[in-house]
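Structure first, then comments.
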Protein chains: 2
Amino acid sequence: MEKFYTIKDVAERTGISAYTIRYYDKEGLLTFVKRSESGIRLFTDEDFEPLYTITCLKKSGMPLKEIKRFMELFMQGNETIHERYLIFKEQKERLQKQIDELQEMMGIVDYKCWYFEEAEKRGDIDFYKKLPREEVDERIWEFGKKVNDFRKGKTDHS
Amino acid sequence: MEKFYTIKDVAERTGISAYTIRYYDKEGLLTFVKRSESGIRLFTDEDFEPLYTITCLKKSGMPLKEIKRFMELFMQGNETIHERYLIFKEQKERLQKQIDELQEMMGIVDYKCWYFEEAEKRGDIDFYKKLPREEVDERIWEFGKKVNDFRKGKTDHS
DNA sequence: TTATATCTTAGAGTATACTCTAAGGCAAGA
DNA sequence: TCTTGCCTTAGAGTATACTCTAAGATATAA
């Protein structure tokens with residue numbers, strides 16, 4: 001005898017609200033979910049794998065439309081293995097680009113933290129402008145260079 | 001004599017559309033921009049630094065409302081150095097969390113790529129179910145464990 | 001002077017992803 | 001039987017961040 005989970009059970013376990021689960025279903029992401037005679041969603045243990053895959057794809061920044069496409073292929077079985085592979089391969093590349101960008105931003109935010117600490121110590125936001133050139137920290141020149149590249153349109157807006 | 005840039009110049013150089021620049025201005029992010037007598041925005045070379053900071057904060061995932069708050073403090077000068085430092089320090093932590101999560105997703109997407117390659121070779125999406133227990137790759141058990149934790153509600157939904 | 005180009009504003013429209021409400025069905029316990 | 005509490009649906013509302021349109025002002029070149 002198979003065990004079924006209600007939408008509320010699934011919501012509690014997964015942290016996805018019941019509203020959101022219904023919304024995903026409406027959008028065609030949950031085609032694998034069975035229904036009772038009276039139309040109630042009957043989630044099984046096996047359903048947690050595609051649900052987990054959906055949350056992972058979402059966390060990796062994939063829009064719902066593309067996740068829907070993936071779930072359609074998932075329902076079609078063995079013939080779609082290659083296409084599903086390509087989806088993950090592409091997602092891997094997009095994810096890497098996202099990570100690279102966030103890491104670059106981390107560098108800048110980290111610099112800003114240092115800069116404001118210095119400015120606070122000296123009580124002046126423009127402290128470096130009053131220092132002799134050779135006493136100005138390297139990081140300030142580097143940031144200035146980035147701003148300059150941005151001003152000149154050298155920054156990549158792809 | 002000071003050189004001024006029009007909104008169009010700035011749009012071309014920074015990759016931010018003129019529409020978006022006006023929108024940011026309307027939202028109170030560009031309080032530092034001067035205007036001509038007839039109301040035309042006159043961007044200067046110095047304006048590119050806060051503009052660059054805005055794009056960095058945006059890329060690091062900060063909502064416009066908070067960027068607005070930061071720009072208000074920026075306009076107030078030296079008294080707000082400490083508060084601005086705190087904003088960057090907090091943003092640094094949020095950014096790290098984001099990077100960590102994306103890196104975790106990278107692990108899963110990478111696993112999925114491997115899995116679909118295997119499934120394609122064998123022409124069966126459920127290939128591992130037909131293998132003897134000791135021949136099933138370690139990564140498949142690991143993924144199964146994650147799905148199981150997700151099903152049991154052990155996954156962190158913070 | 002007139003045409004073209006660029007600027008301005010307010011405000012409407014779009015996309016994404018929820019988030020909730022309203023109206024109603026169904027099943028189990030008091 | 002009736003109330004409670006779950007489920008269903010369609011559809012409206014929200015938040016964020018643009019994106020664009022329309023109407024009109026201003027500046028420059030022919």
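On a predicted model such as this, the values are computed, not experimentally measured, just so you know.
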Relative to each other, are the rings of [X] and [Y] parallel, tilted or perpendicular (30° and 60° limits)?
{"X": "F74(A)", "Y": "F70(A)", "result": "parallel"}
{"X": "W114(B)", "Y": "F127(B)", "result": "perpendicular"}
{"X": "F150(B)", "Y": "F48(A)", "result": "perpendicular"}

Could you state the [atom1]-[atom2] distance from [X] to [N], rounded to the nearest angstrom?
{"X": "I67(B)", "N": "dC18(D)", "atom1": "CD1", "atom2": "C1'", "result": "13 Å"}
{"X": "Y23(A)", "N": "dT21(C)", "atom1": "OH", "atom2": "P", "result": "18 Å"}
{"X": "D25(A)", "N": "dC18(C)", "atom1": "CG", "atom2": "P", "result": "14 Å"}
{"X": "K8(B)", "N": "dA27(D)", "atom1": "NZ", "atom2": "C1'", "result": "15 Å"}
{"X": "E66(B)", "N": "dT16(D)", "atom1": "CD", "atom2": "P", "result": "11 Å"}
{"X": "E37(A)", "N": "dG25(C)", "atom1": "CD", "atom2": "C1'", "result": "15 Å"}
{"X": "L42(A)", "N": "dC7(D)", "atom1": "CG", "atom2": "C1'", "result": "11 Å"}
{"X": "F4(B)", "N": "dC7(C)", "atom1": "CZ", "atom2": "P", "result": "15 Å"}

Tell me whether the OP1 or OP2 atom of [N] has a side-chain N or O from [X] closer than 4.0 Å.
{"X": "R22(A)", "N": "dA17(C)", "answer": "no"}
{"X": "Y24(B)", "N": "dA17(D)", "answer": "no"}
{"X": "R41(B)", "N": "dC7(C)", "answer": "no"}
{"X": "K68(B)", "N": "dT16(D)", "answer": "no"}
{"X": "Y19(B)", "N": "dA17(D)", "answer": "no"}

Considering only [options], which nucleotide approaches the side chain of [X] most closely?
{"X": "K58(A)", "options": "dT9(C), dC18(C), dA17(D)", "answer": "dC18(C)"}
{"X": "I7(B)", "options": "dC6(D), dC18(D), dT8(C)", "answer": "dT8(C)"}
{"X": "L64(A)", "options": "dT8(D), dC6(D), dA17(C)", "answer": "dA17(C)"}

- Side-chain touch K68(A)/E27(A), heavy atoms, less than 4.5 angstrom: no
- Query: If you pin T6(B) and K26(A) to their nearest nucleotides in DNA chain C, which one's is more 5'?
  - Reply: T6(B)
- Walking DNA chain D from its 5' end, the first of S38(B) and K65(B) to be reached, judged by nearest nucleotide, is K65(B)
- Item | Which residue lies more 5' along DNA chain D, comparing A18(A) with S36(B) via nearest heavy atoms | A18(A)
- Would you say F43(A) and F4(A) are hydrophobically clustered, going by side-chain heavy atoms of ILVMFWY under 4.5 Å? no
